Structure formats: structure tokens, C-alpha cells
Amino acid sequence: IEDAIESAKSVKKYTSLPVTLVADRNVEDPHFDTVIESDDFLYHYGDSVLQIPKLPYENTILLDTDTLVSDNFDELFSLTSNFDVAAATIAESKFGIGDKVPDALPEFNTGVVLFDKNERTSRFINKWKSLYEGYLEENVRMNQPAFREAVFQSPARFITIPTEYNCRANFGGYLTEKVKILHGSF
């Protein structure tokens, strides 16, 4: 919860966006506009995919709790006029789980994901969740392989965002502009 509060503080510092926390208990902190209590947690990295259908916004930016906003990122929302889902690729290699997706499709990091609320996105999220639950049965706890497979199978309009919006500095990579969102434990 402490990481989520720090992340929310950084969102509030650089944007006027409402912040919603989905948690397994009520959390009272002025940086959260809304807290949604849920008992649908498995307590590992993939939990975010289980919570997305509960979010109340027309456009949602999903941020992991280990993100820190370092500049305004409102321009991301302009993507939703042409795309349903947006995420950055990962700098490290693919997880290499199964052969359900062509090698040409990169792996995406799901710590910063933009969603437009529509039927295609809803079907994408449900597909991602269903695939993730299947991966859980195979003891795969990361939700990125299921996300990548859902991107491949989905009719949702998908776009890759630059690493400046999901800067995983502890994994290497490159930057050409100012970092907007840092992601990771530093």
C-alpha cells in the first residue's frame, strides 16, 4: 500500500487525473479519489489483470504500484481516439513461454497500460484474463505472456508507446525524450 501511495502522490503532482486504488481492504489516503475493495487477489505480479473490469473511467491508465510519474502524461489519452490499448515493449528478451505467438510480436510490459473503454477493449481484457488464468494453471505467475497472446488474438486496436512512458531503467534500453513514468524498484 505504501508503494501505491507514493505512486499516487506522483500522479497528483504532475496531473489532475483522478486516482483509483483497487485493494483487498479499505485505504484512506487523500491521494486516492476512489478505493475499490476486492477479494479477487492472488497476491502476485499478475493481479492487475484480475482488477481491470472494475475500473470506472472512459479512459484508464493502469499503473503498477512501483511506478513514479516524473512529468505530465496527459497526451497519452489522445491515443484513445484511434486505439483501444497501449503499452510499451520490454527491453529484456521475451519470456519464451509456449509457441502460441510469432517471434515477430514483442513482449509488452503491463506495468503501464492505457485502455479505452469500449467493446473491443472489454473483449481484449476478458481474453487476457482468461489466458492468464490458463497460464496460472501452468504455474506462470507473470501476466505479460498472456497479454502478448491476447494482443495477437484480439481485434482490439493496439499501439506501442515509447519507453519514456514506462521507463524500466533497471533493465536497460534507450530514451530519446524526457521520462514521463518510471517503473521499478530503485
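Every value quoted in this text rests on a predicted model; they were computed, and no experiment measured them.
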- By side-chain contact (heavy atoms from CB on, under 4.5 Å), which residues pair with A88, not counting sequence neighbours? I161, N166
- Item | Name of the residue among W128, Y132, Y135 meeting side-chain hydrogen bond (donor to acceptor under 3.5 Å, both in side chains) with E149 | Y135
- Keeping to residues at least two apart or across chains, list the salt bridge (Lys or Arg N to Asp or Glu O under 4.0 Å) pairs with something in residues 78-88. D84-R120, D84-R157
- Message: If the condition is side-chain contact (heavy atoms from CB on, under 4.5 Å), which residues does S130 pass it with, not counting sequence neighbours?
- Response: none
- Message: Applying side-chain contact (heavy atoms from CB on, under 4.5 Å), can you list everything that pairs with I159, at least two apart in sequence or on another chain?
- Response: L79, F83, A86
- Task: Sequence neighbours left out, what passes side-chain hydrogen bond (donor to acceptor under 3.5 Å, both in side chains) with D74? Give chain and number order.
- Result: N72
- Message: Among residues at least two apart in sequence or on other chains, which ones pass ring pair (Phe, Tyr, Trp, His ring centres under 6.0 Å) with Y165?
- Response: none
- Message: I want to check a possible cation-pi pair here: K178 against Y14, using under 6.0 Å from ring centre and within 45° of the ring axis as the test.
- Response: no
- Item | Partner set under side-chain contact (heavy atoms from CB on, under 4.5 Å) for N82, not counting sequence neighbours | none
- Message: Run the salt bridge (charged side-chain N to carboxylate O under 4.0 Å, His left out) test against E137 and tell me which residues pass, sequence neighbours left out.
- Response: none
- Task: Just jot down the salt bridge (charged side-chain N to carboxylate O under 4.0 Å, His left out) partners of E75, sequence neighbours excluded, or say none.
- Result: K180
- Note on the structure: Contacts of D33 meeting salt bridge (charged side-chain N to carboxylate O under 4.0 Å, His left out) (sequence neighbours excluded), chain-then-number -> K12
- Item | Listed partners of K9 passing salt bridge (charged side-chain N to carboxylate O under 4.0 Å, His left out), at least two apart | E6
- Item | By side-chain hydrogen bond (donor to acceptor under 3.5 Å, both in side chains) - contacts of S154 (at least two apart) | none
